[in-house]
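Below you'll find the structure, written out as C-alpha cells, and then a few comments.
Order of the sequence lines sets the chain letters (A, B, ...), proteins ahead of strands, with each chain counted from 1.
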Amino acid sequence: MCFPRSASDAAAAVRAARVHGVPYVARGSGTGLAGGATPLDDALVIVTTQMNRVLEVDIDERIAIVEPGVLNLDLSRHTRPQGLHYAPDPSSQQACSIGGNVGTNAGGPHCLSSGVTSAHVLMVEAVLPTGDIAELGSLAPDTPGYDLRGAFVGSEGTMGICTKVAVRLMPNPPLVRTMLLDFMSVEAAGATVSAMIAAGVVPAALEMMDAEITRAVEDFVGAGYPRDAAAVLLCEIDGLIEGVDYQVSEVRRIAQSHGARSVRIAQTEAERQLLWKGRKSAFGAIARIAPDYYLHDAVVPRTKLVQVLESVYAIARAEQLTMMNVFHAGDGNLHPLIVFDSREPGIWERVHEAGSRILHTCIDAGGVLSGEHGVGMEKRDLMPLQFSSDDLAAQGRLVDAFDPDGLANPRKVLPHGWRCGEVQQRGGTIPDDTWI
Amino acid sequence: MDLMDLHDVAAIVRGAVEDAKVGVVPIGAGTHREVANPVADGCDEIRIPNGIVSYDPNDMTITAFAGTPIAELNRVLCGHRQEVSLDPRNDAATLGGVLACGLSGIRRLRLGPIRDTVLEVRLIDGRGTLVKGGGPVVKNVTGYDLPRLVVGSFGTLGVILQATLRCRPAPAQQQWFCSSETPSYLRRKLFRPSAVLWDGTSTSVLLEGYSDDIASESKSADLDGMLSSPPLFPNGANRGRISVDPRRLAALTQRLGGLDGVRFVAEFGVGTVHIAADEDLAFVAARAAAVAEGGWMLRECGGPPGFGGFGSNIANPALSERVRLAFDPLGKLSPGRMVDV
Ligand SMILES: Cc1cc2nc3c(=O)[nH]c(=O)nc-3n(C[C@H](O)[C@H](O)[C@H](O)COP(=O)(O)OP(=O)(O)OC[C@H]3O[C@@H](n4cnc5c(N)ncnc54)[C@H](O)[C@@H]3O)c2cc1C
C-alpha cells in the first residue's frame, strides 16, 4: 500500500509496479460498492487520502481544481460561502472522495436535473498506466482530439490514477422547495414518478422510499416521515420563483390524482434538512433491522418503474427475503436492498439468486446493470447480459489502448477473455478479511 | 417507407468498410463537410438512413438513425413540447454529423456540451463490426463510456448508425435581450442564463423559463431591450471556432477586437468563440490570438492552403493514436480528418 502526496509520487509508484510486473489499484475512500478498489493478485494499493487539497476555486468562472482525495461534501462546504456547490451528491458524500467519484462516475439525488459526475468534470490529470502524467480534457470547452476525459471518467481505476480534477461548480438556486408525498401503495408512488416525467416536470431530485425503509428511517432519525405510508416520495424543486411555484403545483396535482394521502412542503430550512437527513440515513437505519445487507443498483426506463418494482417484490417474496427499496426514482435508478443475517444457513445462496433475478428483470425491461455504483468485480461476469461479444471486445481494446500491460486494476469491469494482457496474469484470489 | 432494420444498415456499411480501397466517409447533409481536415482522396462516401427508430415522450428518450436531420428530430419532439440539446448552426445537419463533429450549440452555458446528451450509440468500427456503447436509459455506468468518446471523433472511430438521446422539456419561453453591461457583470447577476454572448461591441443574453421569471431576471440585471431574433453567428469565407479557458476569454476578445477583418461572437462562461474573416491573413491572426491565450481554433471552413483543421497538436497524441487503432487498425474510417498536414 502506498500513499502518494503528489502526481509524481503516484507516477513513481506506477512505474515501480510496472518494472516489477505488479498490478496496482487506485483507492480513494473505499466506499465503492462494486469491489472496484479491492486489490486482487497481491496488487499494490495506491491510496489518495494524502492528496486532499482544494487547489483553486474561481468564483467568477465557477471552477474548482482539487486533488483526488478531497471528500465530496468538503468541496461543497468549501465553496458554500461563495454561493456555489459541487452538484453530484452521492449518499456517501461525507466519506467518498472526488477521485473515487471520477473512478465510478458517481451519481446522487441531485444528478437528476444536473447530470452525473462526468457532466461536471472538465479536466482530469492522471498517471497513465504507461507511467506518464497526462491532462485529459481541459478547462477550455473543447480539447483537440478525442474525449479521453470522457473515457477515463467511470473507468474504475483501469485506465490510470487520477491525481487532479477540475470540476464545474453550480450556483446555489435562489429558491428551493422540498416536498414529502405520502402514498398508500408503491404502485401509486411509482405511477406518480412516471406521470411527473411525462408532464415535463424535472425536479432537482426525486427519491422514493417504500414502507419498510420509511419506518426504519423514522425510528432511526425521527425525520417526520409517516410511519404508516406504503411509500413516500421526496421531491425537490429549485430555481426561480414562477418556475418553482408552477412545478410545485404540478407535482401536487399529479400526486393527488394518484391518490397521495398528503403533500407536505418543508416550511423551514431546518425541516428541509431533516427530510433529507432521513433519506441519507437510510443505510444507517437498516443496521437496526439485520446485521447484513446487499444493495443493488440497476436502471430501468422510467415508464417501466411500476412494472419492474412489482416483479422485484415478487422475487423477494419467492426467495423469502426481506427487501426494501430506497432509490433515485426520477431517473429510474433502482436500489433494491436485501437485508439479512449472514449466520442463517443457506441465506447467501438466496440473496445471490434474488439479486441475479432482479438484474435479469431490469435488463429484460430495457434497463442496464448499473446506474452509479459501477461494475467492478460484482457485475463483471454479468456484462454479457447487456453487451454482445463484439461490444465487449471493443471495450477491451479501448482499455488496452490505455493500459497495454494490463496492470491497472486488472480483472475489473470486463469479464475474462476480453483483454490482451490477461493470459500473463497470475491466478489470484481475494485476500482474507477483504471487504468488497 | 418502412424504416430499415439496424442490422440491414449495419450490413451495408460493413460491406462498404470492407470493400473500401482507401476508406469510407459518411455523408449527411454536407453542412459540416469542411470542419477540421478533408478526408483522403479516393474515399467512398456512404449515407446513413434517416428516421426515428423509437421515441417515448413519457420516458424522455429518443432513438434515431444517424442520417436524421436535426430539423426532423426537432419537429417530432416539438409535438410533445420536448427538445434535445443539439443546436447546430444549420438544422439540415444530420444527427450523425453533429455528433461526429461534436460542435455544441449556443446554449451550452446552461445545457452543457452535446456529449452529455448521448446515452447510447451503435456504430460500425474499422473492422466492419457492429458495436454498441452506453445504454438506452438516462443513467448508466455499465462498462466504458463509448458514447462520449465517439462525440467529436469526426468519424475516425466508427461510422455512427444510430444514437439514443436524452430529451428535456422545451422551455416555456425563450427571450433574447441586449445589454450595455459587461458579460461578467451579467453572469454574476443572472441565475443560469442560457447564453451570454459578446461580439466586441454589445452583449446579448438568452433567458429561458417562465415568463414572470424572465421578466424579473431581466429587470434585476437591467437588460436594455428584447431582441426580436437571436444574434447572428459571424459569417464569411473563413470560419472557425476557438476554445479557450473561460478565465482567459476577456483577454482573448480584447486581442480579437484589435484584429482587422475578424468578426466574432464569444460565449461567456463557456470559452467558445465563433470566428469569421474574409481575408486569409485575418483568419490566421485569429488562430494565433487563440494560441497566445492558451487556446486553439478548429477550422469550420476556409483558410489558406495548408491551414490545418486543428492548428495545434492533438492532445495526448500517443494515447489518442492507440485509441484510434483500437477501433480502426487499418485506418479506413475518414482517414485524414483529424490529422493536420
Ligand atoms: C452508504 C453508501 C451510500 C452510497 N451512495 C451512493 C450514491 O448515492 N451514488 C453513488 O454513485 N455511489 C454511492 N455509493 C458508492 C460509493 O460511495 C461511490 O462509488 C464513490 O464514488 C466511491 O468513492 P471512493 O472515494 O470511496 O472510491 P473507492 O471506493 O476507493 O474506489 C471506487 C473505484 O474508483 C477507483 N478510484 C478511486 N480513486 C481513484 C483515482 N484517484 N483514480 C482513478 N480511479 C480511482 C477505484 O479503483 C475503484 O474502482 C454509496 C456507498 C455507500 C457505502
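Within the 4.5 angstrom heavy-atom criterion, no atom of Glu321(B) approaches chain A. Interface remark: Met338(B) contributes side-chain atoms only to the contact with chain A (heavy atom separation under 4.5 Å). For Ser184(B), no part lies under 4.5 angstrom from a heavy atom of chain A. In this structure, chain A has a heavy atom under 4.5 Å from the side chain of Arg115(B), while its backbone stays farther away. For chain A, the nearby part of Leu130(B) is the backbone; its heavy atoms alone come within less than 4.5 Å. For Val244(B), the part lying near chain A is the backbone, with the side chain staying farther off; criterion is any non-hydrogen pair under 4.5 Å. For Arg168(B), no part lies near chain A; criterion is any non-hydrogen pair under 4.5 Å. Using a 4.5 Å cut-off between heavy atoms, Pro113(B) makes no contact with chain A at all. For chain A, the nearby parts of Arg324(B) are the backbone and the side chain; heavy atoms of each come within less than 4.5 Å. Looking at Ser211(B), both its backbone and its side chain come within 4.5 Å of chain A, counting heavy atoms on both sides.
Contact annotation: the side chain of Thr158(A) approaches that of Tyr144(B) to within less than 4.5 Å [non-hydrogen atoms, C-beta and beyond]. Contact annotation: the side chain of Pro246(B) approaches that of Ile63(A) to within less than 4.5 Å [non-hydrogen atoms, C-beta and beyond]. In this structure, the side chains of Phe327(B) and Leu398(A) come closer than 4.5 Å at one or more pairs of heavy atoms. The closest side-chain heavy-atom distance from Pro404(A) to Arg322(B) is below 4.5 Å. Under the 4.5 Å side-chain criterion, counting only non-hydrogen atoms from C-beta, Ile197(A) is not in contact with Asp59(B). Under the 4.5 Å side-chain criterion, counting only non-hydrogen atoms from C-beta, Asn140(B) is in contact with Gln386(A). Contact annotation: the side chain of Asp142(A) approaches that of Trp296(B) to within less than 4.5 Å [non-hydrogen atoms, C-beta and beyond].
Taking each heavy atom of Val141(B) and Asn105(A) in turn, the nearest pair found is CG1-O, 3.6 Å. Pairing each heavy atom of Pro141(A) with each of Thr272(B), the nearest pair is CG-OG1, 3.5 Å. Across all non-hydrogen atoms, the minimal contact from Met60(B) to Gly200(A) is CE-CA, 3.9 Å.
Atom CZ in Arg127(B) sits 3.5 Å away from atom CZ in Arg397(A) (nearest 0.5 Å).
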Test salt bridge (charged side-chain N to carboxylate O under 4.0 Å, His left out) on Lys304(A) and Asp56(B); report intermediate values, then the result.
CA-CA 12 Å; Lys304(A) 303 274 174 61; Asp56(B) 190 340; over 6 Å; no
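Salt-bridge annotation for Asp238(A) and Arg192(B): absent, with no side-chain N of the basic residue lying under 4.0 Å from a carboxylate O of the acidic one.
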